[in-house]
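A short write-up of the structure that comes next.
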Amino acid sequence: MKTSEDLRFSLRAINRKSYPAYKSLAGSYTFGKYILNIEHVQGDPFAAPSRLSVKVNHKIAGFPAEYYGTKWNQTALEDYLIRRFHRQADKFCFQAKGSGKSGIITVSRCGQEVLERTACEIASDGVIVRFEVGFPANGRTINATELEKILFDFIPVCVEQSLYYGKTPKQELEKVIFLAEDQQYIREELKRRDMVAFLADGSVLPRESGVSDRPLKGGVPFKAPETMAVILELPHKGALRGMGIKKGITLIAGGGYHGKSTLLKALERGVYNHIAGDGREYVITEETALKLRAEDGRKITNTDISLFINHLPNGKDTKCFCTLDASGSTSQAANIVEGLEAGSKLLLIDEDTSATNFMVRDELMQRVVAREKEPITPFLERASDLYTQAGISTILVVGSCGSYFYIADKIIQMDSYQAVDITDETKKILENYPAPAVSAPDFHLPSGKRVIDLSGSVQKRKTYRGDGYVKERLKIKRMGKTAFSIGKENLDLRYVEQLVDEEQTQSLAYLLRYAKEHYGEGKNDVGSVVKALERILKAKGLSGICDGGNVPSGLAMPRVQEIFACFNRY
């Protein structure tokens, strides 16, 4: 392995040469306490920055082994180190001057959720941080003096202040680890107590704005109604009171702007752990929970939606349904069925974003349009069977239709952002009103395996490179958090609402490309492909779907539910 002085010599040798000479720097260099890897060098100063990583041996880093002895502790520690490295890198970003992206130093910008990311990896032999640097140039002429400043002055400070335990605020880090252990304890307690969610007293659910996920200053602290209150004895925080939502059908009712959707949004994000100070760090939801909505215009392939839709007038088969342009009701039916396939045990639904004709048909409509003339069996008539026969719970926000009250196990009213249990009161009122007629056809879970053709319309190209033809990987381009392209095909994920980070979207693109490359011959069922990918992710993490040792810094782990959602829209 080369030394840091070898790197300094090489830098001075290529100073003021044409920009491609930077390519000669690729490789590994020992800097005493850590190893610097220059993994990919950008083509010019205006291209995507160069990819670098540093690796610190565990003995030198010095973090206690118990801080990364479990998956949840390790992810929390990695997240903490990324945030510290980012704060240091920010101080030096663009301090080295030049054209284009010269001088940029960047690492993943973490949000409110704690996600497993490739930006930091605690491996068996050390701590690895991956980041990007814009190699400086004047025009397209190398400015090695400025890069020397980055590699020998700036990066060592970032490493020293973020990746050595001796330089870390001990109490601050301990709180991070303790919070992760408390959050995991709550997740395990949900299973033991047959609950699907827990919201701690004092949680701040409202967000700063529609474009900010930070807690609203002065937001009303949450408090559990006495009838739904549970007290958990956490390993570190101790006794914590909050609202426990049991398995079954739970309604969230109330007037407009009183916090119904805010509560559902907090539950939707509760599948992820949150950082301290977020306000939702003790809002924990069943990890397979799936937020559902109507999605007009989405593509549906080989999906059995007969549980909800049957006897179409054109005779189309709803047990293997396909369309390039689904209606609101059809898309919502497909979303539920695909959610069941992904293993979801909790459905989160907001009446506001649902197809009305899919959710309910009142008695008058049933009299006017006979059941045999209506292909849709509304969700109202299926929700109870989903729970009693398939173990699928539902949390539903309602505001316009009272028919749901008859099937509810628990009814929560949001009143000025405070939760009130109105179940008993509502049940008494219902005694004076006849229950809506329900005559749904026999309940059955979707049958058969859904086949997906991963070959697509774009194949890997073959390019001549002197010693023969080699296959190139399909190009990926991410469009924010909501979409990406692979080859010439675009995927729209704007209604996959539990994607919280654009790095998760980038990972989905990598997963789809990997699946096309390894499972693209012939036809495969979606479940088998996703399970194969899940095994790789559990064994190797996100590096398992990358080019050997060439692991980019900008990937974050998506859930299985989002992987299914991506493949279902391909």
Original post:
Can you check salt bridge (charged side-chain N to carboxylate O under 4.0 Å, His left out) on Lys265 and Glu268, steps first, answer last?
Top reply: CA-CA 5 Å; Lys265 177 65 74 172; Glu268 168 189 326; 3.2 Å; yes
Can we say [X] and [Y] salt-bridge, meaning some charged N sits less than 4.0 Å from an Asp/Glu carboxylate O?
X      : Y      : result
Asp501 : Arg117 : yes
Asp201 : Lys223 : no
Glu562 : Arg559 : yes
Glu148 : Arg8   : yes
Asp492 : Arg569 : no
Lys217 : Glu208 : no
Glu503 : Lys481 : no
Lys55  : Asp125 : yes
Lys170 : Glu174 : no
Lys149 : Glu146 : yes
Asp194 : Lys247 : yes
Lys175 : Glu172 : no
Arg241 : Glu226 : yes
Lys167 : Glu160 : yes

Testing the basics here: between [X] and [Y], what is the closest heavy-atom pair and its distance to 0.1 Å?
X      : Y      : result
Asp182 : Pro235 : OD1-CD, 3.0 Å
Leu290 : Gln498 : CA-OE1, 3.3 Å
Ile412 : Met243 : CD1-CE, 3.9 Å

Side chains of [X] and [Y], heavy atoms from C-beta outward: is any pair under 4.5 Å?
X      : Y      : value
Leu190 : Ile284 : yes
Val283 : Phe198 : no
Thr505 : Leu493 : yes
Asn273 : Leu115 : no
Phe85  : Cys120 : no
Leu292 : Leu348 : no
Asn73  : Glu66  : no
Ile155 : Val54  : yes

Original post:
Between Phe135 and Tyr22, how do the two ring planes meet: parallel, tilted or perpendicular, split at 30° and 60°?
Top reply: perpendicular
**OP:** Return the orientation label for the Phe31 and Phe152 ring planes: parallel under 30°, perpendicular over 60°, tilted otherwise.
**Re:** tilted
Subject >> Aromatic centroids of Phe63 and Tyr68 separated by under 6.0 Å >> reply: no
Side chains of [X] and [Y]: is there a donor and an acceptor less than 3.5 Å apart?
X      : Y      : result
Asp6   : Thr3   : yes
Thr288 : Glu286 : yes
Gln74  : Glu78  : yes
Arg51  : Asn550 : yes
Thr106 : Glu132 : no

**OP:** Apply the test side-chain contact (heavy atoms from CB on, under 4.5 Å) to residues Ile395 and Leu267: give CA-CA distance (whole Å), side-chain angles for both, the deciding distance (0.1 Å), then the verdict.
**Re:** CA-CA 9 Å; Ile395 299 178; Leu267 293 171; 3.9 Å; yes
To the nearest 0.5 Å, how far apart are [atom1] in [X] and [atom2] in [Y]?
X      : Y      : atom1 : atom2 : answer
Ile563 : Leu537 : CD1   : CG    : 5.5 Å
Tyr80  : Ser162 : OH    : OG    : 10.0 Å
Leu240 : Ile231 : CG    : CD1   : 9.0 Å
Ser507 : Glu502 : OG    : CD    : 11.0 Å

**OP:** Using the side chain to side chain donor-acceptor pair (under 3.5 Å) rule, pick out the option among Arg207, Arg269, Arg214 that qualifies with Asp278.
**Re:** Arg207
**OP:** Tell me whether the guanidinium CZ or amine NZ of Lys101 lies under 6.0 angstrom from the six-membered ring centre of Phe46 and within 45° of its axis.
**Re:** no
Subject >> Residues, nucleotides or ligands: over 12 heavy atoms within 6.0 Å of Phe94 CZ >> reply: yes
